[in-house]
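Predicted model, so just to flag it, every value in this text is computed and none were measured.
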Amino acid sequence: MRRWLRVFLGVVLGAGTALVELVFVLSAGLALTGLLILPRLRARAASPAFAGAQAMAELERRRLAKYLDSSHAGRPDGARALRYLAVRCAVGLLGAIVLALIAYGAVGMLVELVELWITVGDPLEGRSGIEKFWLTVYLIVFCSVLGFLSLTGLAGVAVMDRALGERFLEPDRAEQLRQRVEQLSTTRSDVVAAIHEERRRIERDLHDGVQQRLVALGMLIGRARRAGDGDRAAELLRQAHEESQEILRDFRDVAWRVYPAALDAGGLHPALAALVERAGMPVELRYEVARRPAVEVEAVAYFVVSEAVTNAAKHSGAGIVTVRVDREEGWLVVRVDDDGAGGASVRGAGLSGLARRVAALDGKFTVDSPVGGPTTIVAELPCG
């Protein structure tokens, strides 16, 4: 019922805007046609006409998105918008006729019933039970058929409205190719920037972590060699052994952040399970993907979860993180929620790198993190 009510409101608004659009299209058409013999004035008249057509087409695009569940990202040029309005006003007027017929039928039936009741009285009075039964059945069937025809007319107008939106408000083939080229150029630059940033991060991890521990290990071994006391040398060697274990752990962490070996061994699910165990905070994992995605999709999904969990543990003060991985109509959807303080931004250093990784696969990356929380990070990756 709620959906039908929205469609009904959308058709009603479309019928109202159709009258305005009809007047505008006729005025613009007459102005442009009348100025064919004056090319200089025609150019001046075309600019405001096309600008007005684009503004009205934008209003129609919003109406379609709000009431008819038909979203269109295109912004047609002036001539294309004017052609759209010329066709759409006919559909809107058709909707107005359907609405007028529905109103006329409902009001006419109500008036006839009231007049019959006043002049004749109870129409069922004095009739047998069989006659009352068949008269009731007739009225129910008659009203049901009229109701069905009315709904069918409204649905037909809504379908034509959506079809026109797809035809005129979506970019044409040339515009789609141009946008795709721009998107690929941007994605390529983002991938290069992400690789450069990843190299710098690995260099910092090795320089600030592993290298410092190796220097400390060398100093401990040197002190052990110079120690004259056997007990002192043994203690220094014990410390050196512990330091070597820490170095191995740091090496594993760096290698894991570059590419987790668990992805090759068992796929995304065991890799995320290992990440949850090492998170250092409560993390709830819900993995509901039956068929394993491609390796490159798994890698990006893993790094999205890893970075989101790390940010929640270090910066948000979250008590629990929930990770959900689902497959929906050819998309691998990764959703990470935490109950922390919020305030995360996709323009931040870590999340912007994730956005570039996701964009490299033609995916979608969104961050919803109002101040005060909670934070929701969603990555949608195409997986066929």
Heavy atoms only: give me the nearest Y84-A57 pair and the separation to one decimal. CD2-CB, 4.2 Å
Would you say the side chain of W331 lies within less than 4.5 Å of the side chain of P382, judging by non-hydrogen atoms? yes
From R83 atom CZ to L164 atom CG, the distance as rounded to the nearest 0.5 Å: 13.0 Å
Where V321 and V336 come nearest, the two heavy atoms and their spacing: CG1-CG1, 3.6 Å
What residue among V304, V276, V283 forms side chain to side chain contact (heavy atoms under 4.5 Å, CB included) with V309? V283
Which donor-acceptor pairs under 3.5 Å do the side chains of residues 94-107 make with protein atoms, sequence neighbours left out?
none

Sequence neighbours left out, what passes ring-ring contact (aromatic ring centres under 6.0 Å, His included) with F8? Give chain and number order. none
Find out if a path of hydrophobic residues (ILVMFWY) with successive side-chain heavy-atom gaps under 4.5 Å connects M281 to L275. yes
Should the pair H269 and Y287 be assigned to parallel (<30°), tilted (30 to 60°) or perpendicular (>60°) ring geometry? parallel
Would a single hydrophobic cluster contain both L22 and V12, if residues Ile, Leu, Val, Met, Phe, Trp and Tyr are joined by side-chain heavy-atom contacts under 4.5 Å? no
Taking salt bridge (Lys or Arg N to Asp or Glu O under 4.0 Å) as the test, write out the residues that go with R238, two or more places apart. E235, E242
ILVMFWY cluster, M160 and F168 together (side-chain gap under 4.5 Å): yes
Show the nearest heavy-atom pair for residues L285 and A273, with the distance to one decimal. CD2-N, 4.0 Å
ILVMFWY network linking V157 to V87, side-chain heavy atoms under 4.5 angstrom: yes
For M219, is the CE atom crowded, meaning more than 12 foreign heavy atoms sit under 6.0 Å from it? no
So do L93 and L19 actually touch side chain to side chain, heavy atoms under 4.5 Å? yes
Would a 4.5 Å heavy-atom cut-off, applied to side chains only, mark D337 and R324 as touching? yes
Gap separating the CZ atom of R63 from the CG atom of D161, nearest 0.5 angstrom: 4.5 Å
R2 meets the side-chain hydrogen bond (donor to acceptor under 3.5 Å, both in side chains) criterion, sequence neighbours left out, with none
First locate atom OG1 of T376, then atom CG of D338, and finally report the distance between them rounded to the nearest 0.5 Å. 7.5 Å
Under 3.5 Å, is there a donor-acceptor pair between the side chain of R327 and the main chain of R291? yes
Of all the heavy-atom pairs spanning V297 and C383, show the shortest one and how long it is. CG1-CB, 4.5 Å
Identify the heavy atoms of A355 and F365 that sit nearest to each other, and give their distance. CB-CD2, 3.7 Å
Rounded distance (nearest 0.5 Å) linking atom CZ of R61 with atom CG of L169: 8.0 Å
Main-chain N/O of F303 paired with S306 side-chain donor or acceptor, under 3.5 Å: no
In terms of heavy-atom contacts, V334 and A301 come closest through CG2-CB, 3.8 Å
Looking at side-chain heavy atoms only, is the closest gap between R292 and L268 below 4.5 Å? no
Do the side chains of V20 and L64 join up, straight or via other hydrophobic residues, at under 4.5 Å, putting them in one cluster? yes
Working note: V11 + Y67, criterion side-chain contact (heavy atoms from CB on, under 4.5 Å); need CA distance, chi angles, decisive distance, verdict. CA-CA 9 Å; V11 173; Y67 295 103; over 6 Å; no
Quick test of your reading: applying side-chain hydrogen bond (donor to acceptor under 3.5 Å, both in side chains), list the pairs with at least one residue in residues 15-26, sequence neighbours left out, ordered by first then second residue. T17-E60, T17-R88, E21-R88
Output side-chain donor-acceptor pairs under 3.5 Å for residues 367-375, partner residues at least two apart or in another chain, one line each.
residue	atom	partner	partner atom	Å
S369	OG	G343	N	2.9
S369	OG	A344	N	2.9
S369	OG	T375	OG1	2.7

Rounded to the nearest 0.5 Å, the CD atom of E296 sits from the CZ atom of R357 at a distance of 13.0 Å
What is the distance from atom OG1 of T322 to atom CZ of R335, rounded to the nearest 0.5 Å? 9.5 Å
Are E288 and R286 within salt-bridge range, i.e. N to O under 4.0 Å? no
